[in-house]
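Chain A is the first sequence line, chain B the second, and so forth, proteins listed ahead of strands; every chain is numbered from 1. Values below: all heavy atoms of this structure, side chains included; hydrogens, waters and symmetry mates excluded.
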2 protein chains.
Amino acid sequence: MPNSTAATQQATECEAHFVDEDKIRRLQAAMVSDDIIDIVVQAFRALSDPTRVKMIHALSTEELCVCDLARLLGVTESAVSHQLRLLRSQRLVKHRRKGKMIYYTLDDDHIRTLFAQGLEHAKCPQGR
Amino acid sequence: MPNSTAATQQATECEAHFVDEDKIRRLQAAMVSDDIIDIVVQAFRALSDPTRVKMIHALSTEELCVCDLARLLGVTESAVSHQLRLLRSQRLVKHRRKGKMIYYTLDDDHIRTLFAQGLEHAKCPQGR
DNA sequence: CAAACGTCTGAGCAATCGTTCATATGTTAC
DNA sequence: GTAACATATGAACGATTGCTCAGACGTTTG
C-alpha cells in the first residue's frame with residue numbers, strides 16, 4: 001500500500017503524531033496476504049446467498065440431483081445449475097454422473113464445518 | 001414454495017416416480033427456517049468482501065480508529081466508514097468515542113472464530 | 001463564537017450478482 | 001437414426017454492491 005510518506009509524517013492526519021507509522025507498519029506486517037484473503041473471501045461469498053446456503057445445507061445431508069434441488073428450493077433448474085457451477089468452480093461441491101442425472105455432494109469438509117459454524121452463530125440467542 | 005401440485009405428481013419430471021415427494025418433503029422438513037438462513041447469509045456476506053475481511057482481521061487484534069483502518073487498507077476514510085456502518089448494523093463491531101476519534105473493536109466473538117475458521121480453510125493446502 | 005479535525009451519510013455511478021429465457025450438450029429409449 | 005429427458009450454458013435483465021464525492025455532524029481548540 002502507498003507508504004511513500006513513511007518517514008515524513010504529516011501532522012495533519014489523525015493521531016499521526018506518536019503512534020502513527022509504527023502502528024500501521026505493525027498491522028501491515030500482521031496482515032494476511034492478498035492471496036489468502038481472496039480465498040477466504042471467495043469461500044464466504046459462496047455462502048452469502050440464501051439459495052446457495054440452502055443448497056449446501058441440503059447437500060450436507062445427502063447426495064442430490066439438480067432437479068431435486070430445484071424442487072426443494074422452488075427455483076428453476078437453470079438457476080440451480082448456475083449456482084452449482086459457481087460452487088463447483090470453487091470445489092465446494094463435486095458431481096458424479098448416473099445416466100441422465102448428475103448427483104452432487106459436498107466436496108470440501110471445511111465448508112461443512114464452516115457452514116455449521118455459521119448456523120451455530122445464527123441460532124445463538126445473543127447472535128442478534 | 002409452490003407446492004400446489006403436491007399430490008398430482010407429473011410423470012414428466014426427473015425421478016419423480018418413486019422417491020419423489022417423500023424425499024423432497026423430508027428435505028424440506030430438515031431445512032432450516034428462512035429467518036435462520038437469513039442470519040447465516042448476512043453473517044457470511046459481511047465476510048465476503050476483501051476490505052471488510054481485512055478490517056475484521058485488523059480489529060481482531062486491537063482497537064482501531066477509522067483513519068487507522070483507512071491508512072492500513074489504503075482506502076478512503078469514507079469507504080471505511082461505510083463498511084463500518086454495515087458491520088455495525090449487524091453488530092459485528094462496536095465503537096467507543098474518545099474525543100474526536102471513534103475506536104472500533106469486534107463485538108461478536110462468533111465472528112472472530114468464524115473468520116478464523118475461514119482463514120484456516122484458506123491456508124489449508126487441500127483448500128484449493 | 002469560529003476554525004480544524006475525525007467521522008458519518010446521501011446521492012450517484014460502474015461493476016457485480018442472481019435470475020430468466022432460449023438454446024446447446026449429453027444420455028437413454030425407441 | 002429420432003424423440004425425450006436431465007443438465008449446462010450464454011445473453012440479457014433488474015437488483016445489489018462498493019466506491020467516490022460533497023457535504024453534514026459532533027468534538028476540541030483557540
Side-chain angles (χ1 to χ4, degrees), chain A residues 9-17 19-20 37-38 41-42 44-56 59 63-90 93-105, chain B residues 1-2 9-17 19-20 37-38 41-42 44-56 63-90 93-104:
Chain A
Q9 39 188 97
Q10 26 334 30
T12 60
E13 238 183 67
C14 184
E15 47 176 337
H17 315 312
V19 210
D20 193 29
I37 292 285
D38 220 61
V41 164
Q42 295 219 316
F44 282 128
R45 209 166 63 58
L47 293 162
S48 68
D49 171 79
T51 302
R52 283 195 297 269
V53 165
K54 288 175 187 171
M55 287 167 65
I56 296 281
L59 290 175
E63 195 180 48
L64 292 170
C65 66
V66 175
C67 72
D68 280 342
L69 285 166
R71 287 200 294 152
L72 173 63
L73 305 182
V75 300
T76 316
E77 292 168 15
S78 174
V80 169
S81 193
H82 276 296
Q83 299 291 27
L84 281 170
R85 171 153 70 150
L86 195 159
L87 296 176
R88 223 180 325 128
S89 78
Q90 302 201 207
V93 301
K94 62 187 170 197
H95 60 289
R96 86 184 162 87
R97 170 151 239 148
K98 172 136 189 241
K100 293 183 257 189
M101 330 273 288
I102 298 184
Y103 291 95
Y104 281 86
T105 351
Chain B
M1 263 102 222
Q9 39 187 98
Q10 28 330 36
T12 62
E13 238 181 65
C14 183
E15 44 174 339
H17 315 312
V19 212
D20 192 27
I37 292 286
D38 220 62
V41 165
Q42 296 220 314
F44 283 126
R45 210 165 63 58
L47 293 163
S48 68
D49 171 80
T51 303
R52 283 196 296 270
V53 164
K54 288 175 186 170
M55 287 168 63
I56 296 281
E63 195 180 49
L64 292 170
C65 65
V66 175
C67 72
D68 279 343
L69 286 166
R71 289 200 293 154
L72 173 61
L73 305 182
V75 301
T76 316
E77 292 168 14
S78 176
V80 170
S81 193
H82 276 296
Q83 300 291 27
L84 281 170
R85 171 153 67 153
L86 195 159
L87 296 176
R88 222 182 323 127
S89 78
Q90 301 200 207
V93 301
K94 61 186 171 198
H95 61 290
R96 83 183 164 86
R97 172 152 238 146
K98 172 134 190 243
K100 291 183 255 189
M101 330 271 289
I102 298 183
Y103 290 96
Y104 282 85

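- The backbone N or O of A:Ala46 sits nowhere less than 3.5 Å from a side-chain atom of A:Gln90 that would complete a donor-acceptor pair.
- In this entry the distance linking NZ of B:Lys54 with C1' of D:dG18 reads 14 Å, nearest Å.
- In terms of the salt bridge (Lys or Arg N to Asp or Glu O under 4.0 Å) criterion, residue partners of A:Arg96 (sequence neighbours excluded) are, by chain and number, A:Glu63.
- A:Ser48 places a side-chain N or O within donor-acceptor distance of the main-chain N or O of A:Arg45, the cut-off being under 3.5 Å.
- The side chain to side chain contact (heavy atoms under 4.5 Å, CB included) search around B:Lys94 returns B:Thr105, B:Asp107, not counting sequence neighbours.
- One can place CE of A:Met101 at 10 Å from C1' of D:dC5, the figure rounded to the nearest angstrom.
- At whole-Å resolution of the value, CD in A:Glu77 and P in D:dT9 are 15 Å apart.
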Legend entry - Contact letters for nucleotides 13-23 of chain C, in which S counts primed atoms plus P, OP1 and OP2 and B counts the base, heavy atoms under 4.0 Å: ----SSSBBB-

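- A search for ring-ring contact (aromatic ring centres under 6.0 Å, His included) contacts involving B:His95 returns B:Tyr104, not counting sequence neighbours.
- In this entry the distance linking NE2 of B:His95 with C1' of C:dT7 reads 10 Å, nearest Å.
- Between B:Tyr103 atom OH and C:dG6 atom P there is a gap of 11 Å when expressed in whole angstrom units.
- Distance CD (A:Glu63) to P (D:dT7): 12 Å, rounded to an integer number of Å.
- For B:Val41 against A:Asp49, the heavy-atom pair with the smallest separation is CG2-C, 3.8 Å.
- In this structure, CG of B:Leu84 is placed 16 Å from P of C:dG6, rounded to the nearest angstrom.
- Distance alone, capped at 3.5 Å, is enough to place a donor-acceptor pair between the A:Arg97 side chain and the A:Gly99 backbone.
- Taking both residues in full, the closest heavy atoms of B:Leu47 and B:Val53 are given as O-CG2, 3.1 Å, listed atom of the first, atom of the second, then distance.
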Inset, instruction - Using a 4.0 Å cut-off on protein heavy atoms (strictly under), produce a 5'-to-3' string for nucleotides 25-30 of chain D with B for base contact, S for backbone-only sugar-phosphate contact, and - for none. - result: -SBS--

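- For B:Arg52, the side-chain hydrogen bond (donor to acceptor under 3.5 Å, both in side chains) test picks out B:Gln83, with sequence neighbours left out.
- In this entry the distance linking CG of B:Leu87 with C1' of C:dT9 reads 16 Å, nearest Å.
- Within the 4.0 Å cut-off from OP1 or OP2 of C:dG6, not a single side-chain nitrogen or oxygen of B:Tyr104 is found.
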